[in-house]
Colleague: 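The structure's right below; bear with me while I get my questions together.
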Amino acid sequence: MGDAIGQMLASAVGIAISPLPLIAVILMLATPKGRGNGIAFTAGWVLSLAVLVTVVILAGSGGNASGGGDGPASWTLWLKLGLGVLFLLMGVKQWKDRPREGRAAGQPGWMTAIDRFSPATSAGLAAALAAANPKNLVLAVGGAVSIAASTAPAGGKAVAAILMVLIASLCTLLPLGVYLLGGSRSAKVLGEWKAWMGTHNAAIMTTVLIVLGAKYIGDAISGLAG
């Protein structure tokens, strides 16, 4: 089980520090329907990630991703190599598309309408950001494939999958927890988080994607060479 957890951890953390879902849930919590929409958004995020991770792990296990105990199957190593290259390319694009000094980052159109969202719309947005956003999708698939390719038994893989979803959901669970439990200080704290993540979005995601790309490529080359 330790191998499965160790393999997925980097991908789960990469999803957890994604600025967009954190900013989205903070904006929702500041609206008149904040409590209901924030809970719906968080639930939609967790459920969507859980479904995606479960499907990939089951598919990988069915494809003998662990290689029968002799090390990861070669197809998982080639997949990790491809994902690693993709991470590097996304990291370069993220940096090239960053707002230039003195310019504010553009906001997605849905952010201007967020105060009119219903719980169903909020949950749907969370599902889109969790499973349809290219960066999060690649990170989730990479982490789930790593779990499937590990030598852990089925129970260990299930525990690793649950931990992956929980860690990857911290970007929504933490703001919701602060809102529900933080009292009068919650608005100030969440506002500071939103401002910091918005300012450093490009640097954060570029660093995460480059580091993960190097890790995945290194793991793949090491496995294929062995």
Side-chain angles (χ1 to χ4, degrees), residues 1-18 21-22 42-88 90 123 126-127 129-174 176-177 205 207-226:
M1 184 173 68
D3 177 54
I5 294 173
Q7 290 295 323
M8 67 75 182
L9 195 56
S11 295
V13 171
I15 299 173
I17 61 176
S18 299
L22 183 140
T42 302
W45 176 274
V46 173
L47 181 60
S48 299
L49 272 182
V51 170
L52 175 60
V53 169
T54 300
V55 168
V56 174
I57 291 175
L58 290 176
S61 298
N64 194 28
S66 62
D70 297 325
S74 60
W75 69 264
T76 67
L77 296 173
W78 284 108
L79 178 58
K80 290 188 78 170
L81 181 62
L83 291 174
V85 172
L86 189 55
F87 282 140
L88 293 180
M90 287 194 298
L129 292 178
N133 179 279
K135 288 191 287 291
N136 289 334
L137 177 62
V138 175
L139 286 166
V141 169
V145 168
S146 296
I147 294 174
S150 72
T151 56
K157 290 180 180 179
V159 171
I162 292 171
L163 287 175
M164 178 179 173
V165 172
L166 289 176
I167 293 170
S169 299
L170 289 176
C171 54
T172 60
L173 291 170
L174 286 179
L176 181 62
M205 291 312 301
T207 302
V208 169
L209 292 168
I210 295 295
V211 170
L212 281 174
K215 180 185 184 301
Y216 270 54
I217 291 172
D219 289 349
I221 292 175
S222 177
L224 292 169

Colleague: Taking side-chain contact (heavy atoms from CB on, under 4.5 Å) as the definition, give me every residue that meets it alongside Ala50, ordered by chain and number, with sequence neighbours left out.
Modeller: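 Expected list: Val165.
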Colleague: What is the distance from atom CD1 of Ile167 to atom OG of Ser11, rounded to the nearest 0.5 Å?
Modeller: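 If we round to the nearest 0.5 Å, Ile167:CD1 and Ser11:OG are 11.0 Å apart.
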Colleague: Is there any salt bridge (Lys or Arg N to Asp or Glu O under 4.0 Å) pair reaching into residues 6-15, and which pairs are they, with sequence neighbours excluded?
Modeller: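 Sorted pair list comes back empty.
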Colleague: Could you walk me through whether Met8 and Leu163 pass side chain to side chain contact (heavy atoms under 4.5 Å, CB included), step by step?
Modeller: CA-CA 9 Å; Met8 67 75 182; Leu163 287 175; 3.9 Å; yes
Colleague: For a quick test of reading the model, state the closest non-hydrogen atom pair linking Ala140 to Leu49 and the distance between them.
Modeller: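 Nearest heavy atoms, Ala140 then Leu49: CB-CD2, 4.2 Å.
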Colleague: Which residues pass the side chain to side chain donor-acceptor pair (under 3.5 Å) test with Thr172, sequence neighbours left out?
Modeller: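 Side chain to side chain donor-acceptor pair (under 3.5 Å) list for Thr172, sorted by chain: empty.
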Colleague: Rounded to the nearest 0.5 Å, how far does CD1 of Ile217 lie from NZ of Lys80?
Modeller: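 Here the rounded value is 11.5 Å.
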Colleague: For residues Leu212 and Leu83, determine if any side-chain heavy atom of one lies less than 4.5 Å from a side-chain heavy atom of the other.
Modeller: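 No, side chains not in contact.
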Colleague: Output the distance between atom CD1 (Ile210) and atom NZ (Lys215), rounded to the nearest 0.5 Å.
Modeller: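 With rounding to 0.5 Å, CD1 (Ile210) is 15.5 Å from NZ (Lys215).
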Colleague: Check Cys171 against Ala16 and note the closest heavy-atom contact, atom names and distance.
Modeller: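 Scanning both residues completely, I find the closest heavy atoms to be CB-O, 3.0 Å.
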Colleague: Looking only at heavy atoms, what is the nearest atom pair of Leu88 and Ala214, with distance?
Modeller: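 That closest heavy-atom pairing would be CD2-N, 4.1 Å.
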Colleague: Check whether any side-chain heavy atom of Phe87 sits under 4.5 Å from a side-chain heavy atom of Val138, and report yes or no.
Modeller: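 With C-beta onward as the side chain, the pair touches.
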Colleague: Output every pair passing side-chain hydrogen bond (donor to acceptor under 3.5 Å, both in side chains) with a member in residues 135-145, not counting sequence neighbours, ordered by first then second residue.
Modeller: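 Sorted result for residues 135-145: Ser18-Asn136, Gln94-Lys135.
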Colleague: Quick check: do Leu86 and Tyr216 have side-chain heavy atoms less than 4.5 Å from each other?
Modeller: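 No; the side chains remain at least 4.5 Å from each other.
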Colleague: Tell me, do Ile15 and Trp45 make a side-chain contact under 4.5 Å, heavy atoms counted?
Modeller: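 Ile15 reaches Trp45 side chain to side chain.
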Colleague: Can you check side chain to side chain contact (heavy atoms under 4.5 Å, CB included) on Leu137 and Leu52, steps first, answer last?
Modeller: CA-CA 9 Å; Leu137 177 62; Leu52 175 60; 3.7 Å; yes
Colleague: What is the distance from atom CG of Leu81 to atom OG1 of Thr76, rounded to the nearest 0.5 Å?
Modeller: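 One finds 11.0 Å between CG of Leu81 and OG1 of Thr76.
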Colleague: Roughly how far apart are Leu139 CG and Met90 CE, rounded to 0.5 Å?
Modeller: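 The distance works out to 6.0 Å.
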Colleague: side-chain contact (heavy atoms from CB on, under 4.5 Å) with Leu47: which residues, sequence neighbours excluded?
Modeller: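 Leu47: side-chain contact (heavy atoms from CB on, under 4.5 Å) contacts with Val51.
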Colleague: Give every donor-acceptor pair under 3.5 Å between a side-chain atom in residues 141-149 and any protein atom, sequence neighbours left out.
Modeller:
from	atom 1	to	atom 2	distance (Å)
Ser146	OG	Gly142	O	3.0

